[in-house]
Amino acid sequence: MKLWRVISSLFVMLGTVFLCSPNYNFAQTKNTIELSQNVIDSIRYHYDLSNIDSFSLPERLNYVSLFIKEATHYSQDSLVYKGLMQKTWLLGRNKQYDSAIKYSHQYNDIAQKNHDTIHVSNALNKLGFYYKKDNQLDKSFEYYNKVYRVSRTANDSIKAGKSLLQMANIQETLGDYSGSKTTAIDGLRYAESTQDIRSLSGLYHIISVANLEQKNYEEALKYNTKSLVLNKDSISENIIRPRSILMFKNTKANILASQGNYKEAVSILTQLESDVVVRKSMREYARVIGNLGYVKWLQNPKNTTSEKLLLQARSIRDSIRDVDGLIASNIHLTKYYLTKNKEKALQYAEAAYQNAKELNSLTSILESLGFIFQLQSDSNEEAKVFHEVYIKLQNINQSNREIYAVTKYENDKLTNENLILKAETAKKERQKVINLLGTLILILVGGLVFYLFRQRHKREKIRDVFNAETRISKRIHDELANDVYNVMTQIQNNQHSHDVLDKLENIYNRTRDISRENNNFDTGTHYSEELGNMLSSYSTNETKIIIKDIDIINWQSITPEKKIITHRIIQELMVNMKKHSHAALVAVSFRQTPKNVEITYADTGIGVDKNEIIFSSGLRNAENRIKIIGGSFIFDSEKGKGFKANICFPN
């Protein structure tokens with residue numbers, strides 16, 4: 001998926017018009033010296049020279065530097081602002097982003113000193129823009145967030161919506177689709193109250209892409225349709241740019257392909273391939289033919305055109321150094337060659353991994369490494385790198401998520417729409433409801449009584465097991481372990497043999513381990529934290545533990561009994577790994593659907609042959625426990641290929 005870039009281009013365009021306008025008013029906000037018109041004209045002379053395109057960049061930068069120097073000498077801050085905006089624009093145009101950042105900071109410092117809100121906002125926006133261009137995404141996010149806060153204080157809904165759009169773009173680049181969607185939905189609160197169609201369509205597009213990556217295809221198509229509707233309503237007024245419209249259509253094709261509607265997806269991409277605007281842009285053309293080749297392969301793996309299109313798209317992207325596009329091309333080619341030529345598949349998977357590291361894209365790193373692990377056995381070094389990058393990006397994503405609490409905007413809006421729809425439906429169906437109400441109440445009451453009785457029985461059974469385990473844990477630690485330790489002390493004082501002491505110390509440590517594995521834990525608001533801490537406690541120098549999306553689960557809606565069983569089953573898997581697996585990497589990921597909670601466990605341990613798998617008492621207990629809450633426990637293993645398990649239960 002490509003990021004939304006329309007607003008960034010808008011800033012550059014507006015800056016150009018503003019700076020090049022011959023009628024610009026040289027308002028002086030902090031004059032300490034009143035200047036004559038002749039002096040102002042003299043200063044402006046160098047600025048006008050910096051605007052002449054026929055001069056070289058060094059010449060134009062020299063002229064604007066003279067302009068800034070003279071404006072500073074006469075303490076004309078408004079002119080200094082103008083000069084710094086021109087200088088950063090020239091530097092950014094020449095991709096000298098470090099220098100553009102330096103002078104944007106200078107611009108911001110002067111504006112902050114003068115308490116000039118408008119120029120503070122402009123300077124912060126420049127910093128966000130150039131840090132993003134320089135691929136310093138965490139810094140870019142920080143400054144766009146400052147723009148958002150200034151805009152919110154100034155009640156500038158348009159700029160607030162634009163800054164949230166940029167922040168959502170950055171989160172999407174980092175692979176934080178949940179955070180990206182939340183930020184974009186927050187941006188709708190501002191954009192929908194304005195006439196800023198570009199920002200609004202961009203926010204819809206980001207939400208669509210986030211839903212596509214999260215496999216929420218209906219929601220993805222809904223927001224993509226909103227973007228296209230804005231396109232239809234605004235194209236005659238030239239509000240939406242043609243390139244953006246093509247991007248929306250390209251996204252629609254990807255959504256349809258993900259739903260299995262290959263015929264319509266191919267039709268859209270074929271039309272885009274012949275579009276004049278697409279053919280004028282190498283980046284857009286590579287994106288379209290790359291997606292077309294991939295979708296045609298999904299439609300018919302034996303077709304003769306996919307390979308050519310995929311290789312052509314990659315070649316174009318490589319020639320223009322479109323790193324984001326290269327990730328997509330390399331992943332497409334990895335999948336294409338996966339069953340045809342494993343050597344080529346591995347080559348493209350490793351190329352995708354290098355591209356993903358260059359962009360710090362967590363999702364792409366995970367995806368490419370998944371293929372690398374699948375295609376080669378020696379993956380220890382890659383696993384180490386993966387863990388380090390994963391932790392770094394998770395920290396960035398976590399700091400981003402903390403800036404915004406989960407907004408209720410979209411839920412409230414949908415709830416209101418549903419209430420209106422239900423009221424209209426209820427009015428039409430009232431007579432039928434009256435006739436069926438008596439029977440329905442009886443059925444519901446009967447079903448509710450049965451359900452509550454059954455759930456009560458399950459809860460009592462689970463709690464009895466939990467309480468028994470807790471009592472055993474306490475007795476082992478408070479009685480047995482302490483008694484053994486006292487014996488050790490006595491023997492040591494009487495100078496008995498070290499062999500006996502070693503054996504007793506071993507017994508003591510084992511009892512402490514049993515106590516830890518069966519200890520009580522919080523099933524309330526801190527459940528997620530305790531579960532994560534339990535998993536992290538098994539991490540050592542030899543074994544890396546990766547925990548993915550544990551906070552996505554709405555643990556507050558899950559009963560304490562289910563939390564207890566989940567904790568015990570995962571703990572059993574970790575204990576089994578510690579004792580038998582010798583894994584270098586363990587990944588535990590969480591996912592919540594409208595009906596179920598799914599937990600996937602995988603390690604890179606020694607594994608065991610499928611025909612030799614025999615249920616241990618721990619795995620038998622895990623299967624029995626999950627059945628109590630109507631769930632399932634499925635595991636798979638092969639010698640030398642690690643151990644995998646899938647836990648699923650109703651939420």
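This chain uses plain numbering: 1 for the first residue, then up along the sequence.
Side-chain atoms of I606 and K639, non-hydrogen and from C-beta on, never get closer than 4.5 Å to each other. Taking 4.5 Å as the limit, every side-chain heavy atom of E530 sits out of range of all side-chain heavy atoms of H567. In this structure, S201 and F248 have side chains that are in contact, with non-hydrogen atoms separated by less than 4.5 Å. Here the side chains of M247 and R287 are in contact, with some heavy-atom distance below 4.5 Å. With a 4.5 Å cut-off on side-chain heavy atoms, M534 and I570 count as touching. A heavy-atom distance below 4.5 Å is not found between the side chains of Y353 and N330. N596 is not listed as a side-chain neighbour of F649, based on a closest heavy-atom distance of 4.5 Å or more. Counting heavy atoms from C-beta on, the side chains of Y348 and R314 come closer than 4.5 Å.
Here the CG atom belonging to L230 is positioned 11.0 Å from the OG1 atom belonging to T225, to the nearest 0.5 angstrom. Here CG of N216 is found 11.5 Å from OG of S258. Values are rounded to the nearest 0.5 Å. Here S536 contributes atom OG and K544 contributes atom NZ; the two are 11.5 Å apart, rounded to the nearest 0.5 Å. A distance of 10.0 Å separates CG of L309 from OH of Y336, quoted to the nearest 0.5 Å. Distance CD1/I546 to CG/L535: 12.0 Å, rounded to 0.5 Å. Here L573 contributes atom CG and I599 contributes atom CD1; the two are 9.5 Å apart, rounded to the nearest 0.5 Å.
Using a 3.5 Å distance cut-off with no hydrogens or angles, the side chains of S364 and N355 do not pair a donor with an acceptor.
Between the side chain of N145 and the backbone N or O of F141 there is no donor-acceptor pair closer than 3.5 Å. For the pair K562 (side chain) and P650 (backbone), a donor-acceptor distance under 3.5 Å is present. A donor-acceptor distance shorter than 3.5 angstrom exists from the side chain of N341 to the backbone of K344, with no hydrogens or angles considered. With Q592 contributing its side chain and N554 its backbone, the two residues share a donor-acceptor pair below 3.5 Å. Of the possible polar contacts, one joining the W555 side chain to the I550 backbone as a donor-acceptor pair under 3.5 Å is found. S267 places no side-chain N or O within 3.5 Å of a backbone atom of K263 that could act as its donor or acceptor partner. One N or O on the side chain of K563 and one on the backbone of T523 form a donor-acceptor pair closer than 3.5 Å. Checking side-chain atoms of N211 against main-chain N and O of I207 turns up a donor-acceptor pair under 3.5 Å. Without hydrogens or angle criteria, S140 side chain to Q136 main chain gives no donor-acceptor distance under 3.5 Å.
Looking at every heavy atom in both residues, L256 comes nearest to A265 through CB-CB, 4.2 Å. A pairwise comparison of heavy atoms in Y538 and V575 identifies OH-CG2, 3.4 Å as the closest pair. When every heavy atom of T604 is checked against every heavy atom of A584, the shortest pair comes out as OG1-N, 3.3 Å. Considering every non-hydrogen atom in both Q171 and G179, the closest pair reads OE1-O, 3.3 Å. Scanning both residues, T543 and A583, for their nearest heavy atoms gives OG1-O, 2.9 Å. Nearest approach of A349 to T334, heavy atoms of both residues: N-OG1, 3.0 Å.
For the side chain to side chain contact (heavy atoms under 4.5 Å, CB included) with I647, the lone residue among I626, T600, I565 that qualifies is I626. Applying side chain to side chain contact (heavy atoms under 4.5 Å, CB included) to I545 and the options T540, D603, V586, L585 leaves one that passes, V586.
Salt bridge K335/E367: present, at least one basic N to carboxylate O contact under 4.0 Å.
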Note to self: Would N651 and S557 count as a side-chain hydrogen bond (donor to acceptor under 3.5 Å, both in side chains) here? Give the steps.
What the structure shows: CA-CA 8 Å; N651 56 28; S557 66; over 6 Å; no
Margin query: One pair to check against side chain to side chain contact (heavy atoms under 4.5 Å, CB included): I331 and S368. What are the steps and the verdict?
Written below: CA-CA 7 Å; I331 291 294; S368 57; 4.2 Å; yes
Next item on the list: Could you go through the side chain to side chain contact (heavy atoms under 4.5 Å, CB included) check for N646 and F635 one step at a time?
Entry: CA-CA 6 Å; N646 181 269; F635 64 91; over 6 Å; no
Next item on the list: Give the intermediate values and the outcome of side chain to side chain contact (heavy atoms under 4.5 Å, CB included) for residues Y204 and L188.
Entry: CA-CA 8 Å; Y204 284 150; L188 293 179; 3.7 Å; yes
Notebook entry, point to check: Where do F643 and Y601 land on the side chain to side chain contact (heavy atoms under 4.5 Å, CB included) test, with the steps shown first?
Noted result: CA-CA 8 Å; F643 183 91; Y601 167 96; 3.7 Å; yes
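Other residues, nucleotides and ligands place no more than 12 heavy atoms under 6.0 Å from the NE2 atom of H526. Residue-environment remark: CD (Q556) exceeds the threshold of 12 foreign heavy atoms within 6.0 Å. Atom NZ of K340 is surrounded by more than 12 heavy atoms from other residues, nucleotides or ligands within 6.0 Å. Within 6.0 Å of NZ in K641 there are 12 or fewer heavy atoms belonging to other residues, nucleotides or ligands.
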